[in-house]
Structure formats: C-alpha cells, structure tokens
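Remarks on the structure that follows.
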Amino acid sequence: MVAAAAALTLEVGWTGVTMGKLAGRVGVSRQTVYNEVGSKSRLAEEMVLAELASFLAVVDAAFDRHPDDLVEAIRGAARGVLELAESNALLQAVVSGSYGAATELLPLLTSRNDALLLTATDAVRRRVLAYDLVIDVRHLAALIDMVVRVLLSHVVHPVGEPSATADDIAWILGRTLGS
C-alpha cells in the first residue's frame with residue numbers, strides 16, 4: 001500500500017492523494033486503507049520510512065565493503081546515499097516542492113523527522129559498534145548523530161557533488177577519530 005501511495009504521489013501530488021484514490025489503486029475499500037494505515041499523516045510517515053529502507057541498504061552495503069575501515073565505510077555510505085538521493089524521484093518531488101509534495105511531506109525530512117532520524121541513527125550505530133574504536137560511548141553517540149544529521153542535511157539540500165561531500169564527511173570523521 002505504501003508503494004502504491006508513493007506512485008500515486010508522483011502522479012497526482014501529495015495533496016491529490018486521498019484514501020479513496022489509494023483504495024482504488026490497490027483494489028480494497030477505503031475503510032481497509034484507514035484500518036491499515038490509520039491516517040494520511042501516518043501514511044506519509046510510512047512512505048518516508050519505506051524510502052529510508054532503500055537508503056539504509058546502501059549504507060549497509062558500504063559498511064560490508066569496508067569491514068576494517070570505518071572512515072572508508074562512512075565515505076562509501078555517504079556517497080551512495082547522496083547518489084541515490086539525486087535519482088530518487090519521490091525524494092526529489094518532496095525536496096523541490098513539485099507535485100504538491102513539499103507542503104506536508106518536507107517536514108518529515110526536516111523539522112518533524114524523529115522517526116527517520118532515530119531509525120537512521122540506530123542503523124548506523126549498529127554498524128559502527130562492530131569497529132574497534134578508542135572513543136567513549138558518549139562521544140561515539142555524538143559522532144554518529146553528527147554524521148547522520150550532516151548527511152541528512154545534504155540529502156535535503158545538496159551543495160556539492162556526492163563524492164566531494166562524502167570526502168568532507170569522511171575527513172571530519174577521520175580527524176575526530178584521530179586517523
């Protein structure tokens with residue numbers, strides 16, 4: 001249902017998405033849609049979290065490629081995430097305000113992004129803990145939070161090429177870790 005909502009958003013804009021249209025798209029009653037997703041705002045959150053899953057798969061792949069080098073894992077993850085962000089149609093619609101998506105969906109990436117931020121931070125934390133680091137828990141949490149927030153900021157508002165931004169994030173991480 002979430003994938004159908006994303007496709008519908010790209011076709012008619014978020015303001016044009018109704019539970020009735022979504023029900024028609026997936027072949028169920030409108031009440032079934034409400035029973036499964038609750039509300040349109042909950043549907044928006046589910047869409048954002050579904051998109052996040054594809055980004056976290058890129059992060060996991062980067063960590064898998066660099067099991068012994070955290071800085072390179074973060075560099076690869078950042079680059080992969082930023083490259084995916086450039087080509088993700090739904091994300092681009094939300095960020096650019098096209099299709100009427102920005103009015104309700106953009107805050108889920110910016111000011112009301114608790115679920116997104118917590119999910120991403122937890123995923124990165126799980127991967128980072130596998131590395132042998134000499135840093136206390138409090139500062140490691142701050143470092144992970146900083147990396148995730150900086151990367152999310154660049155996803156929403158890119159200011160350079162993905163590779164350059166990834167290099168900058170990796171440099172900051174390396175300097176912080178004393179590498």
For D136, what residues pass the side chain to side chain donor-acceptor pair (under 3.5 Å) criterion, not counting sequence neighbours? H139

Where is the tightest heavy-atom contact between V71 and A170, given as atom of each residue plus distance? CG1-O, 3.6 Å

Please enumerate all residues that pass side chain to side chain contact (heavy atoms under 4.5 Å, CB included) together with S39, with sequence neighbours excluded. S41, R42

For the CG atom of L173 and the CE atom of M146, what is their distance to the nearest 0.5 Å? 6.5 Å

Heavy-atom side-chain proximity of Y34 to K40 below 4.5 angstrom: no

Answer yes or no: is there a side-chain heavy-atom contact under 4.5 Å between I74 and L70? yes

Is there side-chain contact between F55 and N88, with at least one heavy-atom pair below 4.5 Å? yes

Results of side chain to side chain donor-acceptor pair (under 3.5 Å) for E83 - residues two or more places apart only: R79

How would you list, by chain and number, every residue that makes a side chain to side chain contact (heavy atoms under 4.5 Å, CB included) with L140, sequence neighbours excluded? V128, L129, L133, I135, I144

Listed once per pair and sorted, the side-chain hydrogen bond (donor to acceptor under 3.5 Å, both in side chains) pairs that draw on residues 62-76, sequence neighbours left out: D64-R127, E72-R75, R75-D167

Between T121 (side chain) and L117 (backbone), is there a donor-acceptor pair under 3.5 Å? yes

Going by side chain to side chain contact (heavy atoms under 4.5 Å, CB included), name the residues that satisfy it together with V159, two or more places apart in sequence or in a different chain. H154, H157

Rounded distance [0.5 Å steps], OG1 in T165 versus CG in L151: 9.0 Å

E36: what forms a salt bridge (Lys or Arg N to Asp or Glu O under 4.0 Å) with it, not counting sequence neighbours? none

Could you walk me through whether V37 and M19 satisfy the side chain to side chain contact (heavy atoms under 4.5 Å, CB included) test, starting with their C-alpha distance in whole Å, then the side-chain angles of each, then the deciding distance to 0.1 Å, before giving a yes or no? CA-CA 10 Å; V37 295; M19 298 306 207; 3.7 Å; yes

More than 12 heavy atoms from other groups under 6.0 Å of CD on E161: no

Set of side chain to side chain contact (heavy atoms under 4.5 Å, CB included) partners for L49, sequence neighbours left out: L52, A115, T119

Closest heavy-atom contact between P67 and Y131? O-CE2, 3.3 Å

Which pair of non-hydrogen atoms, one from P162 and one from L82, has the smallest distance, and what is that distance? CB-CB, 3.7 Å

Can you pull out every salt bridge (charged side-chain N to carboxylate O under 4.0 Å, His left out) where at least one residue sits in residues 15-34? Sequence neighbours excluded, please. E11-R25

Which pair of heavy atoms, one from A4 and one from V26, lies closest together, and at what distance? CB-CG1, 3.4 Å

L143 versus L177: any side-chain heavy-atom pair under 4.5 Å? yes

Just verifying a value: how many Å separate R126 CZ and F63 CZ, rounded to the nearest 0.5 Å? 11.0 Å

If every non-hydrogen atom of G76 is compared with every non-hydrogen atom of A62, which pair is closest and at what distance? C-CB, 3.5 Å

Using side-chain heavy atoms (C-beta onward) and a distance below 4.5 Å, is V156 in contact with L152? yes

Tell me every residue that passes salt bridge (Lys or Arg N to Asp or Glu O under 4.0 Å) with R125, counting only those two or more places apart in sequence or in another chain. D122

Residues which pass salt bridge (Lys or Arg N to Asp or Glu O under 4.0 Å) with E51, listed by chain and number, not counting sequence neighbours: none

Any idea which heavy atoms bring A77 and V58 closest together, and the distance? O-CG1, 4.4 Å

In the structure I gave you, are the side-chain heavy atoms of E86 and P158 within less than 4.5 Å of one another anywhere? no

Results of side chain to side chain donor-acceptor pair (under 3.5 Å) for T32 - residues two or more places apart only: S29

